[in-house]
**Q** 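Mind having a look at this structure? Questions to follow.
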There are 2 protein chains.
Amino acid sequence: METIEQLLESKGIRVTAMRLLIYKFLAEKEIAVTLSDIENAFGKADRTTLYRTIKTFEENDIVHQIDDGTGITKYALCEQGCNCNIKTDLHLHFHCSICGNTVCLTEHKIPQIKVPEGFVAENVNLVVKGICDKCSGQ
Amino acid sequence: METIEQLLESKGIRVTAMRLLIYKFLAEKEIAVTLSDIENAFGKADRTTLYRTIKTFEENDIVHQIDDGTGITKYALCEQGCNCNIKTDLHLHFHCSICGNTVCLTEHKIPQIKVPEGFVAENVNLVVKGICDKCSGQ
DNA sequence: ATTAGGATGCAACAGAAGTGCATTTATTGT
DNA sequence: ACAATAAATGCACTTCTGTTGCATCCTAAT
């Protein structure tokens, strides 16, 4: 079991109180969060700090960015099965139109997509919209 | 061959000079455009008018909205094969990381996506990112 | 021609994203 | 332990997209 401190150090970024708090916040949430979500949770901290912390996490493959079609960028922790830096191993995301939550469906891989001649596919973003398990009443 | 005037009338919306111009602009472009693109092309017109014109087109299934992951909403004309109002007939979009252009790959349909128990899929947004035919040098 | 309703233009606002700079905090070398 | 250095944080400000309210203009119908 790796501690958060060890994870940050292994990425070569400094361990600070702010970063540990934000990491824990992301770990507790099971859904993708926006910068505003983090801002609301850490009222005392400055927006810029949160913004740059998330950017640092993103650059070091600690979180990955999700564009679920709401127009607001969301972030989620990269998990064991999430090799989001490896282009051929992308999972998909599910956005619930009722609760507005977005979750990673890590175990669901994106099928191979064919593109026309001359096009080179490097990356795929797939968001399924609908009703999540909690809102569908099951 | 249906004229633009006839198309607008068939949708029950008024034919105005502005709308004809914007429609023609979209028809000439083969790529999805942002509101800013339209704004730059029609310097004299007000942003709000362009915004509301596009919204009107969207509500009447004349254009469809594309979220290609750039964070900026783009729009493209609905073509013959584009039944963007029918949820089961969604095509995919390709975003070029070099020229930044986004095109509709109308003939490429999105394969059936499986979601976990309890989740209800209603809609799918699929964007392939990579290098387009023009930028790949073919 | 008059009138009613939609279209357009102007102004203003909200939210997200991003940058520059000063200050604080942490790390390194002596 | 202390100074020097580099990174992290906080503050202020800017830009861009998207959006709404209101007044005015134009079009269409009677």
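None of the values given here were measured: they were computed from a predicted structure. All chains are named by letter (A, B, ...) in the order of the sequence lines, taking the proteins before the strands, and each is independently numbered beginning at 1.
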**Q** What nucleotide, of D:dC13, C:dT8, C:dT19, holds the atom closest to the side chain of B:T53?
**A** C:dT8

**Q** For B:R19 and C:dG6, what is the distance between atoms CZ and P respectively, to the nearest whole Å?
**A** 11 Å

**Q** Atom CD of B:E39 to atom P of C:dT8: distance rounded to whole Å?
**A** 16 Å

**Q** Establish whether the base of D:dC11 is bridged to the side chain of A:T48 by a donor-acceptor pair shorter than 3.5 Å.
**A**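 Check passes, donor-acceptor contact within cut-off.
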
**Q** For B:L50 and B:E39, which heavy atoms make the closest approach, and how far apart are they?
**A**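 Looking at all heavy atoms of both residues, the shortest contact is CD1-CA, 3.6 Å.
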
**Q** Please name the pair of heavy atoms, one in B:K74 and one in B:G100, separated by the smallest distance, quoted to 0.1 Å.
**A** NZ-O, 3.1 Å

**Q** Find which nucleotide of DNA chain D each of B:K74 and B:V15 is nearest to by heavy atoms, and output the residue with the more 5' nucleotide.
**A** B:K74

**Q** More than 12 non-hydrogen atoms from neighbouring residues, nucleotides or ligands closer than 6.0 Å to CD on B:E107, yes or no?
**A** yes

**Q** So what does A:T56 hit on the nucleic acid, given a heavy-atom distance under 4.0 Å: a base, only sugar-phosphate, or nothing?
**A** nothing

**Q** Taking the side chain of B:R14 as heavy atoms from C-beta outward, which of C:dA7, C:dA17, C:dA12 is closest to it?
**A** C:dA7

**Q** Verify the contact: side-chain N or O of A:K55 to OP1 or OP2 of C:dG18, cut-off strictly under 4.0 Å; return yes or no.
**A** yes

**Q** A:T73 side chain N/O closer than 4.0 Å to the phosphate oxygens (OP1, OP2) of C:dA17?
**A** yes

**Q** Can a side chain N or O of A:T16 be found less than 4.0 Å away from OP1 or OP2 on D:dT9?
**A** yes

**Q** For A:T49 and D:dG10, is the shortest distance between a side-chain N/O and OP1 or OP2 below 4.0 Å?
**A**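 Yes, within the criterion.
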
**Q** Please report, rounded to the nearest Å, how far the C1' atom of D:dA8 is from the CZ atom of A:F57.
**A** 12 Å

**Q** Can we call the ring centroids of B:F57 and B:Y75 under 6.0 Å apart?
**A**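 Not close enough - the centres of the two rings lie 6.0 Å or further apart.
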
**Q** With sugar-phosphate meaning primed atoms plus P, OP1 and OP2, does A:T34 contact a base, only sugar-phosphate, or nothing at under 4.0 Å between heavy atoms?
**A** nothing

**Q** Would the number of heavy atoms belonging to other residues, nucleotides or ligands and lying under 6.0 Å from NZ of B:K114 be above 12?
**A**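 It does not: B:K114 NZ has 12 such atoms or fewer within range.
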
**Q** Between C:dG9 and B:R47, counting only base atoms on the nucleotide and side-chain atoms on the residue, is there a donor-acceptor pair under 3.5 Å?
**A** no

**Q** Toward the 5' end of DNA chain C, which comes first, A:Y75 or B:A17, by nearest nucleotide?
**A** B:A17

**Q** Side-chain N or O of B:R52 less than 4.0 angstrom from OP1 or OP2 on C:dT8?
**A**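 So the side-chain polar atoms of B:R52 never come under 4.0 Å of the phosphate oxygens OP1 or OP2 of C:dT8.
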
**Q** May I have the distance from A:E59 (atom CD) to C:dG18 (atom P), rounded to whole angstrom?
**A** 11 Å

**Q** A:F42 CZ to D:dG10 C1': how many Å, rounded?
**A**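 The distance from CZ of A:F42 to C1' of D:dG10 comes to 16 Å, rounded to the nearest Å.
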
**Q** Stepwise, does the side chain to side chain contact (heavy atoms under 4.5 Å, CB included) test hold for B:T70 with B:T34?
**A** CA-CA 11 Å; B:T70 56; B:T34 66; over 6 Å; no

**Q** What's the CD1-P distance between B:I38 and D:dT17, to the nearest Å?
**A**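 These atoms are roughly 12 Å apart.
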
**Q** Which of the following nucleotides, D:dG10, C:dT19, D:dT9, is nearest to the side chain of A:Y51?
**A** C:dT19

**Q** Which stems, defined as runs of 3 or more consecutive Watson-Crick or G-U wobble pairs with both pairing distances under 3.5 Å, involve DNA chain D?
**A**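 Counting only runs of 3 or more consecutive pairs, the stems involving DNA chain D are C:1-30 with D:1-30.
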
**Q** Around atom CD of B:E5, are there more than 12 heavy atoms from other residues, nucleotides or ligands closer than 6.0 Å?
**A** yes

**Q** Separation of A:L35 atom CG from C:dA14 atom C1', in whole Å?
**A**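 It works out to 16 Å between those atoms.
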
**Q** Side chains of B:L20 and B:L8: closer than 4.5 Å at any heavy-atom pair?
**A** yes

**Q** Expressed as a whole number of angstroms, how long is the span from A:D67:CG to D:dT17:P?
**A** 16 Å

